[in-house]
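As structure tokens, the structure follows; a few thoughts come after it.
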Amino acid sequence: MENYLSVLNPEQRQAVLHWGKPLLILAGAGSGKTRVITTKIAYLVRERGVDPRSILAVTFTNKAAREMAERAQLIDSRAAEAMIRTFHSFGAWFLRRNGALIGLDSNFVIYDDDDTVTLLSSIMPNTTRAEAAKVAHHIARAKDYFLTPDDPELALIDHRPQFRNIYKLYEERLKAIGNVDFGDLIKKPVEILRAFPEVRQRFQDRFQVILVDEYQDSNVAQFELLKELYTSQTYLCVVGDDDQSIYRFRGAEVRNILEFPDRFSETDIIRLERNYRSTAPILAVAGAVVDNNQGRLGKTLQAERGNGKLPTLVFLPDQETEASFCAELIEKSLRSRGGTYSDWAILYRTNAQSLTFETELLRRHIPYKVVGSLKFYEREEIKDALALLSIMVNPRDEIAFKRVINKPARGLGQVTIDKIIEAASHAEPASRGNLLESCRNILPELSKKARNGLEGFLRILAQSRSMITTEGDVCKNSSVASDRLTAGDGLSALIVYILEASGIAEYHATEDEIAGTQRLSNLQELANAASLYPATEEGLAEFLEHIELDRSLESGEESNDSVTLITVHNTKGLEFRKVIITGLEQGIFPRDDKQDEDLEEERRLFYVGVTRAKDELYLTTCALRRMYGRASYNQPSLFLSEIPLDYIKILGQIPRGFKSGPKSASICDPSLHGAGQRDAEDGRLGPYARQLPRAPRTVSSDGLWRIGASLFHDDYGYGQVVRISEGPEGPLIEAQFETGKQVRFLSKYQSERFMRIERDGY
DNA sequence: CCCGTCGTTATTTTT
DNA sequence: TAACGACGGG
């Protein structure tokens with residue numbers, strides 16, 4: 001392990017060894033960012049004598065947090081004691097310990113977006129769920145931007161005067177219930193740190209080192225959290241890539257990273273620009289497009305892997321042809337050049353686009369998997385099961401209560417349920433809001449049928465409770481007559497019991513029979529997942545928190561070889577040997593309502609997609625697309641026109657009016673581009689202009705080509721070099737093929753695709 | 001209680 | 001277009 005620093009390149013090593021002033025590491029795609037962070041954690045513990053418990057490393061995904069912890073521990077096992085968590089998991093950890101200061105019980109349950117919408121619906125009677133969802137979205141954004149209901153800036157999120165009141169009401173209800181939403185996991189800790197200096201002091205003393213990964217995705221509230229934890233004694237290091245900030249619509253604030261050097265004085269900046277993932281032509285395309293963004297710190301990726309295949313841009317008539325083109329491309333490639341299905345990923349902007357690909361791949365028996373569409377925890381049966389568990393943890397959870405109190409039907413109508421909730425809200429302070437207690441009190445008033453049903457429900461919950469307050473295996477003695485589900489260890493036995501006894505299992509088993517669904521097996525899967533947790537109060541709370549905060553499903557069936565269908569957003573952090581980015585049309589990607597900052601974000605999204613590719617990149621665009629039952633003729637994506645023509649190989653019919661990017665050598669040479677009308681628009685052409693125009697050459701400056709030289713190309717057949725010019729990217733070769741195709745390519749990007757068949761004398 | 005039909009409604013989604 | 005939820009007839 002003494003050599004763990006020697007595997008780093010100079011910039012990486014500099015980033016690892018850096019200490020003192022705040023540090024911003026601008027880590028380009030594929031530049032070994034994770035290696036740097038993990039090595040840095042280990043280095044701090046090992047060489048700088050930093051107590052691992054004083055290190056706080058925050059990420060955005062559980063996957064990233066896990067990977068970071070694992071890899072740091074591989075270098076130094078003491079790193080296990082560092083606090084490596086997601087922002088939200090850190091917030092939950094903080095609130096369980098300090099929430100009491102603002103009247104939050106430690107047994108809170110974390111509401112997901114769906115629960116939030118349900119709660120809002122109950123606050124806003126006579127509104128549709130869609131409307132409630134919109135308000136919920138706005139409240140979530142407000143929290144992301146650290147705005148309270150009385151903040152004047154709230155109008156920037158939702159200008160309607162009643163929004164403020166609804167938000168306030170929502171906060172009151174959430175507080176009465178004793179639960180929190182995702183936004184609270186960040187916002188409330190900040191409020192506590194601000195209101196209680198002694199708490200702030202404690203945390204500032206504890207965390208001497210703060211590392212933040214994917215900093216470009218942080219929101220305003222998260223920035224505020226960092227500010228509260230930060231002192232001049234703290235070593236703060238953030239890592240990110242402004243070009244990969246793609247979650248603005250969820251409150252991510254790219255300015256956090258852009259303005260980091262302004263917010264923390266004397267910031268050092270280290271750029272990691274060596275890319276170990278993609279070949280040069282792929283990075284050239286990525287760079288050419290993202291360079292059109294104004295709001296960026298700027299960096300240029302260097303391809304450590306060197307040259308490779310030129311990316312291909314394909315013009316297609318419609319989405320069916322697009323799907324069959326992709327399928328054929330994959331099949332042909334596998335046949336002629338080998339490789340596996342899992343080398344391939346088909347990327348699209350919106351989930352709806354996956355359908356055509358699925359149909360086509362299915363038809364051709366090409367194995368595929370759709371990433372991200374599995375919404376396991378949003379399924380009705382799973383939400384039912386979680387609601388039962390939530391009530392056990394927090395008997396004030398009215399959303400969970402309403403969900404399962406009359407499911408399956410126990411003869412409890414809307415009126416009775418409202419009465420129970422109403423009574424609970426007026427109870428003595430000690431049991432205020434406690435719905436189970438309220439149920440007990442109301443029993444005498446009910447009809448026989450309703451009373452029996454409710455008594456049965458309470459008995460089941462009481463029995464479940466007895467299973468977790470006592471030690472260990474008592475659970476297995478309490479099994480129910482039926483055996484739809486199989487109980488495993490620990491908490492799974494409790495879940496199986498409560499699902500069977502409550503009738504939820506039966507309810508969904510019936511549903512399975514009718515609709516041929518897999519609900520029971522989903523419930524079984526949930527129970528299985530719980531077997532890792534002890535059947536104790538803490539185990540149950542931990543299980544629920546884990547589920548709320550980590551919804552990525554690690555399904556065990558990842559081993560089979562298949563093509564990946566995935567939205568561009570979902571590809572972040574992933575890589576594939578061969579990537580096809582589809583639907584590159586104006587209106588789809590980018591959506592045509594996007595302007596300014598939103599357009600720049602779409603461009604970053606395109607950049608993310610392109611930089612996923614290791615070896616081969618294909619871009620497809622359709623003239624006609626049917627969406628939502630409407631056919632529309634779309635222009636090729638703006639981003640395609642930002643790619644210099646000589647950076648790509650083009651297949652299919654180029655629509656008239658399509659122009660390639662302005663910054664390549666080709667566009668700089670007026671003789672190649674008639675009017676060169678873009679030049680005037682683009683001020684950045686200035687520096688290049690001085691190199692132009694240049695006299696036509698007969699021999700390229702690198703000596704590889706001369707006019708008249710013969711060459712061969714896989715797709716275009718035989719041809720001749722007709723023009724040679726020198727651009728800022730080196731010699732630019734223009735060739736005329738027998739098929740009539742005229743192609744321009746940069747000499748330095750010539751691959752095996754442009755084969756010289758007559759050796760020049762140079 | 002079950003099934004068919006109509007109407008609605010469609011970005012992206014780490015937590 | 002197509003998928004899903006709400007509602008009403010049998």
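Just so you know, these numbers use all the heavy atoms, side chains as well, and skip hydrogens, waters and symmetry mates. All of these numbers come straight from a predicted model, not from anything done at the bench. Letters A, B, ... mirror the listed sequences (proteins, then strands); counts begin at 1.
With hydrogens and angles disregarded, no donor-acceptor distance shorter than 3.5 Å links the side chain of A:Asn293 to the backbone of A:Gly295.
Put simply, chain A comes within 4.0 Å of DNA chain C, heavy atom to any atom, from C:dT1 to C:dA2, going 5' to 3'.
For B:dT15, its base sits under 3.5 Å from the side chain of A:Arg250 at one donor and acceptor pair at least.
Taking atom CG on A:Leu347 and atom P on B:dT12, their separation rounds to 14 Å, with Å as the unit. We find that NE2 of A:His569 is positioned 14 Å from P of B:dT15, with the value rounded to whole Å. In this structure, NZ of A:Lys134 is placed 10 Å from P of B:dA10, rounded to the nearest angstrom. Atom pair A:Arg551:CZ and B:dT13:P shows a separation of 15 Å (rounding to whole Å applied). One atom, NE2 of A:His137, and another, P of B:dT15, lie 17 Å apart when rounded to the nearest Å. Note: CD (A:Glu214) to P (B:dT14) measures 13 Å, nearest angstrom. Distance, A:Met627 CE to B:dT11 C1': 9 Å, rounded to whole Å. Between the C1' atom of B:dT11 and the CD atom of A:Glu601 lies a distance of 12 Å, rounded to the nearest Å.
A:Phe357 and A:Tyr348 have parallel rings, their planes meeting at less than 30° on a 0 to 90° scale where 60° marks the start of perpendicular.
A:Asp318 and A:Thr321 form a side-chain donor-acceptor contact under 3.5 Å, judged by distance and modelled atom types alone.
A cation-pi arrangement is present between A:Arg96 and A:Phe108 under the rule of less than 6.0 angstrom and at most 45 degrees off the ring axis.
Residue A:Leu549 has its side chain nearest to B:dT15 when only B:dT13, B:dT11, B:dT15 are considered.
Rounding to the nearest 0.5 Å gives a distance of 6.5 Å between CD1 of A:Ile257 and CG of A:Leu297.
Among all heavy-atom pairs drawn from A:Leu549 and A:Ser89, the shortest one is CD1-CA, 3.6 Å. Taking all atoms of both residues into account, the shortest heavy-atom contact from A:Phe249 to A:Arg141 is O-NH1, 3.4 Å.
A:Tyr247 comes within 4.0 angstrom of a nucleotide base, judged by non-hydrogen atoms across all strands. No contact: A:Arg630 has no heavy atom under 4.0 Å from any strand.
Phosphate proximity of B:dT12 to A:Asn351: present, with a side-chain N or O under 4.0 Å from OP1 or OP2. Considering only side-chain N and O atoms, A:Thr567 lies under 4.0 angstrom from the phosphate OP1 or OP2 of B:dT13. Side-chain N/O atoms of A:Tyr628 include one lying less than 4.0 angstrom from OP1 or OP2 on B:dT11. Between B:dT15 and A:Asn62, a contact under 4.0 Å exists linking OP1 or OP2 to a side-chain N or O.
Comparing the C1' positions of B:dT13 and C:dA2 gives an interatomic distance of 22 Å, to the nearest angstrom.
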